[in-house]
Amino acid sequence: MGVNLNQAEFVRAAARPADFLRDGRPQVVFAGRSNVGKSSVINRLLGRKNLARVGSAPGKTSQINYFFVSGKFYLVDLPGYGYAKVSKQERARWGRLMEAWFADASLMTLGVLVVDARHSPTQDDRTMSDFFQASGKPYVVAANKLDKVKKSQVQTNLERVAQALALPAAVPVIPFSAEKGDGREALLGRILAHVEEGESHAVCES
């Protein structure tokens with residue numbers, strides 16, 4: 001397939017449904033709480049330091065950001081959720097944007113929910129997991145900040161994440177460290193296999 005991760009660029013920020021990209025290419029969608037390190041996970045996957053902005057204050061990304069990778073697929077960064085200092089008006093706008101996003105079955109082809117490996121998922125995490133499950137599309141959970149968890153606690157924490165989110169057996173929880181790079185190959189492998197499968201389907205249909 002020949003995906004070149006060095007060929008990754010920011011292409012669009014969507015603040016309303018009319019701005020959503022609908023060109024038929026795979027869209028790998030990242031969601032997570034505003035302080036969970038979602039942008040750092042994307043940067044680690046792409047081997048870049050600051051392609052996805054890492055804000056000094058959480059809750060700053062209020063739009064859906066698209067990154068075009070190797071001319072083949074999009075990494076889509078959804079706005080972070082659950083930040084207490086965001087106004088009710090902003091939360092409502094975020095909610096409407098997410099509802100519009102998930103209501104369009106032609107958009108997401110693979111979901112990645114980023115959670116904190118140190119803690120049990122929040123109610124907001126469970127709500128986002130429900131969004132992914134209801135979409136009927138494949139998704140995975142990346143348990144970030146693995147480097148801050150004692151090795152003896154890793155398996156217990158991963159099992160707690162799966163249980164709290166009521167994950168189907170087909171949805172893996174991938175231990176990940178954006179800081180150290182642990183789990184990069186496992187998550188990247190899932191993404192690239194998904195993109196390759198999408199290309200195969202496109203060839204068969206053409």
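Note that the coordinates shown come from a computational prediction; the quantities given were computed from them, not determined experimentally.
The residues Asp182 and Lys180 are annotated as not salt-bridged, no charged nitrogen and carboxylate oxygen being separated by less than 4.0 angstrom. Using a cutoff of 4.0 Å between basic side-chain nitrogens and carboxylate oxygens, Lys38 and Asp77 are scored as salt-bridged. Ion pairing between a basic and an acidic side chain is recognised when a charged N comes within 4.0 Å of a carboxylate O; Asp124 and Arg33 show no such pairing.
For the atom pair CG of Asn65 and OH of Tyr74, the computed distance is 14.0 Å after rounding to the nearest 0.5 Å. With rounding to the nearest 0.5 angstrom, the CG atom of Leu107 is 11.0 Å from the OG atom of Ser135. Note that the CD1 atom of Ile191 and the CD atom of Glu196 stand 14.0 Å from one another [nearest 0.5 Å]. Atom-to-atom distance recorded for Leu45:CG and Leu51:CG is 11.5 Å, nearest 0.5 angstrom. If you take CZ on Arg12 and CZ on Phe68, they are separated by 12.0 Å, rounding to the nearest 0.5 Å. Rounding to the nearest 0.5 Å places CG of Leu146 at 6.0 Å from OG of Ser177.
The closest side-chain heavy-atom distance from Leu158 to Thr156 is not below 4.5 Å. For the pair Asp19/Tyr66, no side-chain contact is recorded, criterion being any heavy-atom separation below 4.5 Å from C-beta on. Using a 4.5 Å cut-off on side-chain heavy atoms (C-beta onward), Leu75 and Leu46 make contact. Taking 4.5 Å as the limit, every side-chain heavy atom of Ile174 sits out of range of all side-chain heavy atoms of Val141. Between Met98 and Ile64, some side-chain heavy-atom pair lies under the 4.5 Å cut-off. Counting heavy atoms from C-beta outward, Asp125 and Leu165 have side chains that approach closer than 4.5 Å. In this structure the side chain of Leu5 reaches within 4.5 angstrom of the side chain of Val69, judged on heavy atoms. Between Met108 and Tyr139, the closest side-chain pair of non-hydrogen atoms is not below 4.5 Å.
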Verdict with reasoning, Asn43 to Lys49, per side chain to side chain contact (heavy atoms under 4.5 Å, CB included): CA-CA 6 Å; Asn43 287 332; Lys49 288 187 176 180; over 6 Å; no
Test side chain to side chain contact (heavy atoms under 4.5 Å, CB included) applied to Val140 and Leu187, step by step: CA-CA 8 Å; Val140 303; Leu187 181 54; 3.7 Å; yes
Full working for side chain to side chain contact (heavy atoms under 4.5 Å, CB included) between Phe67 and Val76: CA-CA 6 Å; Phe67 303 93; Val76 185; over 6 Å; no
Step-by-step side chain to side chain contact (heavy atoms under 4.5 Å, CB included) determination, Leu97 to Arg93: CA-CA 6 Å; Leu97 191 65; Arg93 191 195 68 78; 4.1 Å; yes
Evaluation steps, salt bridge (Lys or Arg N to Asp or Glu O under 4.0 Å), between Lys148 and Asp116: CA-CA 10 Å; Lys148 294 177 171 57; Asp116 192 325; over 6 Å; no
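Closest approach of Ala117 and Asn157 over heavy atoms only: O-ND2, 2.9 Å. The minimum heavy-atom distance between Arg22 and Pro17, with the atom names listed, is NH1-O, 3.3 Å. When all heavy atoms of Ala143 and Val173 are compared, the closest pair comes out as CB-CG1, 4.1 Å. Minimum heavy-atom separation, Gln133 to Leu167: NE2-CA, 4.3 Å. Scanning all heavy atoms of the two residues, the minimum distance from Ala15 to Gln63 falls at CB-NE2, 3.5 Å.
Among Lys137, Gln27, His194, the one residue that satisfies the side-chain hydrogen bond (donor to acceptor under 3.5 Å, both in side chains) test with Thr109 is His194. The only member of Phe176, Phe30, Phe132 that meets side chain to side chain contact (heavy atoms under 4.5 Å, CB included) when paired with Val112 is Phe30.
By the 30° and 60° cut-offs, the orientation of the rings of Phe131 relative to Phe102 is parallel.
For CD of Gln123, the number of neighbouring non-hydrogen atoms (other residues, nucleotides, ligands) closer than 6.0 Å is greater than 12.
Take Arg184 and apply the salt bridge (Lys or Arg N to Asp or Glu O under 4.0 Å) test, not counting sequence neighbours, and it matches no residue. Shown here are the salt bridge (Lys or Arg N to Asp or Glu O under 4.0 Å) partners of Asp130, two or more places apart in sequence or in another chain: there are none.
Using modelled atom types and a 3.5 Å distance limit, the side chains of Gln163 and Arg160 yield no donor-acceptor pair.
The backbone N or O of Tyr81 sits nowhere less than 3.5 Å from a side-chain atom of Trp94 that would complete a donor-acceptor pair.
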